[in-house]
Amino acid sequence: MHDDMNPPEIFDRRRRRSLQARARHRTGDMFLWNHIAQDLAERLSAVTRPFEHALIIGPIARWQADILPPHVRYTLATLREDKASADCVVVLDEDRLPFAQGSFDLVISAGTLDSVNDLPGALIQIRRILRPDGLFLGHMFGAGTLSTLKSMLLEADAERVTPHIHPQIDLRSAADLIVRAGFNLPVADQDNSIIRYADWRAIISDIRDAGIGNALSGPRAFLGKDITARLDDIFAKRKDAHGKVTECFAHVHLSGWAPSETQPRPAKRGSAQVSLADILSKDREA
């Protein structure tokens, strides 16, 4: 059995690193990461306060120049070692952060939170390493991501039920987690990237380019020699009049502020000077 202090290792930490290592050597279109980086930059540009030291966690760290305002000191944290990396790069897992309390006033984690073994613990640790009134911006691929490919693989498996893509969290659950982690002014929202494909192999290629494949622990099931033919047939039946099939990447965005005495707080219950009932009764009289 597992308790809250020792959550089960649902995801294989070594496999997560391998997926990112292989993606690094691919030359495909990084449209998913470009989309995430642009979104993060826009969200950050809406914040008027300056930041001194930012931590960027995950593959999105490669896009730090596109995300951060000029002159912000930063530390980059990745899942894998890179001999070409600068001195400011740290290798870690999101639920095992090696930083002291209050080390940063901005933490950004994007693209891999959906495959963290202890996501609640990771969010709590992120809040801990933020300075008071520090900002967290998070992203993960949410429920609905790769729904077409998942259904195709399920159909191709016939009577077998084999997980080929790990499940993702939905928006409501993500919102609950950011609140439970103790952030103030928490926000959770979602947008979708809708892509049209002419071949299911292109979907697989984009997944490998992004390094977001199946990271579940445990052995891999043999798909069978005829899996390619079955997927070709299933994909052909789903094509529209233009010969394409639609796929979705659901982007769940999280944000929250580390608690601070300087932040606005709701008034205490019962402290209002005017009764809402009185206001409503006056409106009715008028």
Side-chain angles (χ1 to χ4, degrees), residues 10-12 15-16 19-20 23 28-40 42-43 57-60 94 108-120 122-123 136-157 160-181 186-217 231 234-235 237-240 242 244-256:
I10 300 173
F11 298 101
D12 188 318
R15 190 168 289 162
R16 293 178 80 225
L19 290 170
Q20 291 300 318
D29 186 353
M30 296 288 107
F31 71 94
L32 286 172
W33 294 113
N34 290 330
H35 172 85
I36 297 168
Q38 181 180 358
D39 186 276
L40 289 169
E42 291 177 355
R43 292 170 186 267
I57 306 173
I60 199 65
E94 295 91 335
I108 298 173
S109 181
T112 56
L113 285 175
D114 56 292
S115 62
V116 174
N117 280 301
D118 184 10
L119 180 54
L123 294 175
F136 166 61
L137 293 178
H139 164 280
M140 68 183 78
F141 292 101
T145 297
L146 298 172
S147 56
T148 297
L149 182 61
K150 289 178 182 178
S151 65
M152 288 178 54
L153 289 169
L154 183 62
E155 184 177 346
D157 279 339
R160 295 184 308 170
V161 179
T162 305
H164 301 292
I165 303 169
H166 64 258
Q168 292 98 3
I169 192 171
D170 61 33
L171 178 60
R172 178 174 295 182
S173 299
D176 180 59
L177 286 177
I178 193 74
V179 172
R180 288 170 52 192
V187 175
D189 61 89
Q190 178 175 322
D191 72 87
N192 298 326
S193 293
I194 305 299
I195 314 297
R196 288 166 50 75
Y197 289 95
D199 190 340
W200 62 266
R201 294 169 182 81
I203 306 177
I204 302 295
S205 179
D206 283 346
I207 294 172
R208 290 174 176 170
D209 288 343
I212 57 173
N214 186 4
L216 288 171
S217 298
L231 286 173
I234 294 169
F235 193 88
K237 293 177 181 178
R238 299 190 180 201
K239 285 183 178 180
D240 60 19
H242 301 283
K244 295 187 177 183
V245 170
T246 299
E247 185 58 280
C248 173
F249 294 88
H251 303 278
V252 172
H253 302 276
L254 303 174
S255 68

**Q.** Flag if over 12 foreign heavy atoms under 6.0 Å of CZ, Arg208
**A.** no
**Q.** Main-chain N/O of Phe11 paired to Asn117 side chain as donor or acceptor, under 3.5 Å
**A.** yes
Q: Determine yes or no for a side-chain-to-main-chain donor-acceptor pair under 3.5 angstrom, with Glu247 supplying the side chain and Ile194 the backbone.
A: no
Q: Ignoring hydrogens and angles, tell me if any N or O in the side chain of Asp118 forms a donor-acceptor pair with the backbone of Ala122 under 3.5 Å.
A: no
Q. Less than 4.5 Å apart, any side-chain heavy atom of Leu32 and any of Ile212?
A. yes
Q) Between Arg43 and Asp39, does a salt bridge (charged side-chain N to carboxylate O under 4.0 Å, His left out) hold up when you go through it step by step? A) CA-CA 6 Å; Arg43 292 170 186 267; Asp39 186 276; 2.4 Å; yes
(Q) Below 30° counts as parallel, above 60° as perpendicular, anything between as tilted: where do the rings of Phe141 and His251 land? (A) tilted
Q) Is a side-chain N or O of Arg15 found less than 3.5 angstrom from the main chain of Asn214, in a donor-acceptor match? A) no
Q: Please round to the nearest 0.5 Å and tell me the distance separating atom OG of Ser115 and atom CG of Asp12.
A: 11.0 Å
(Q) So which atom in Ala110 and which in Leu40 form the shortest heavy-atom distance, rounded to 0.1 Å? (A) CB-CD1, 4.0 Å
**Q.** Member of Val252, Asp114, Leu113 meeting the side-chain contact (heavy atoms from CB on, under 4.5 Å) criterion with Gln168
**A.** Asp114
**Q.** Nearest non-hydrogen partners of Met152 and Ile234, listed with the distance
**A.** O-CD1, 3.7 Å
Q.
Can you tell me how far apart CD1 (Ile57) and CG (Leu137) are? Round to the nearest 0.5 Å.
A. 11.5 Å
Q.
To the nearest 0.5 Å, what is the distance between CG on Leu171 and CG on Asp176?
A. 11.5 Å
Q: Evaluate the side chain to side chain donor-acceptor pair (under 3.5 Å) criterion for residues Thr112 and Glu94: first the C-alpha distance (whole Å), next the side-chain angles of each, then the deciding distance (0.1 Å), finally the verdict.
A: CA-CA 9 Å; Thr112 56; Glu94 295 91 335; 2.4 Å; yes
Q) Are any non-hydrogen side-chain atoms of Pro59 and Met30 less than 4.5 angstrom apart? A) no
Q. Are His35 and Phe31 side-chain neighbours, meaning at least one heavy-atom pair lies under 4.5 Å?
A. no
Q: Would you confirm whether His139, through its side chain, and Gly111, through its main-chain N or O, come within 3.5 Å as a donor-acceptor pair?
A: yes
Q. Checking Ser217 side chain against Ile10 main chain: does a donor-acceptor pair fall under 3.5 Å?
A. yes
Q. Which heavy atom in Ala250 sits nearest to a heavy atom in Gln190, and how many Å separate them?
A. CB-NE2, 3.6 Å
(Q) One pair to check against side-chain contact (heavy atoms from CB on, under 4.5 Å): Ile207 and Leu149. What are the steps and the verdict? (A) CA-CA 11 Å; Ile207 294 172; Leu149 182 61; 3.6 Å; yes
Q: Would you sort out whether Arg180 and Leu123 count as a side-chain contact (heavy atoms from CB on, under 4.5 Å), showing the intermediate values?
A: CA-CA 9 Å; Arg180 288 170 52 192; Leu123 294 175; over 6 Å; no
Q) Looking at side-chain heavy atoms only, is the closest gap between Val245 and Trp200 below 4.5 Å? A) no
**Q.** Heavy-atom pair of closest approach, residues Asp209 and Gly28
**A.** OD2-CA, 3.2 Å
Q. Closest heavy-atom contact between Gly213 and Leu19?
A. O-CD1, 3.4 Å
**Q.** Asp199 bridged to Arg201 by N-O distance under 4.0 Å
**A.** yes
Q: For the residue pair Ile203 and Leu146, establish whether any side-chain heavy-atom pair is separated by less than 4.5 Å.
A: yes
Q: Write down the atom of Leu177, the atom of Ile169, and the distance for their closest heavy-atom approach.
A: CD1-CD1, 3.5 Å
(Q) Could you work out, with ring-ring contact (aromatic ring centres under 6.0 Å, His included) as the rule, every residue matching Tyr197, not counting sequence neighbours? (A) none
Q: Just do the side-chain contact (heavy atoms from CB on, under 4.5 Å) check on Lys237 and Glu155 with the steps written out, would you?
A: CA-CA 12 Å; Lys237 293 177 181 178; Glu155 184 177 346; 5.6 Å; no
Q) Mind checking whether His253 and Val187 have side chains closer than 4.5 Å, heavy atoms only? A) no
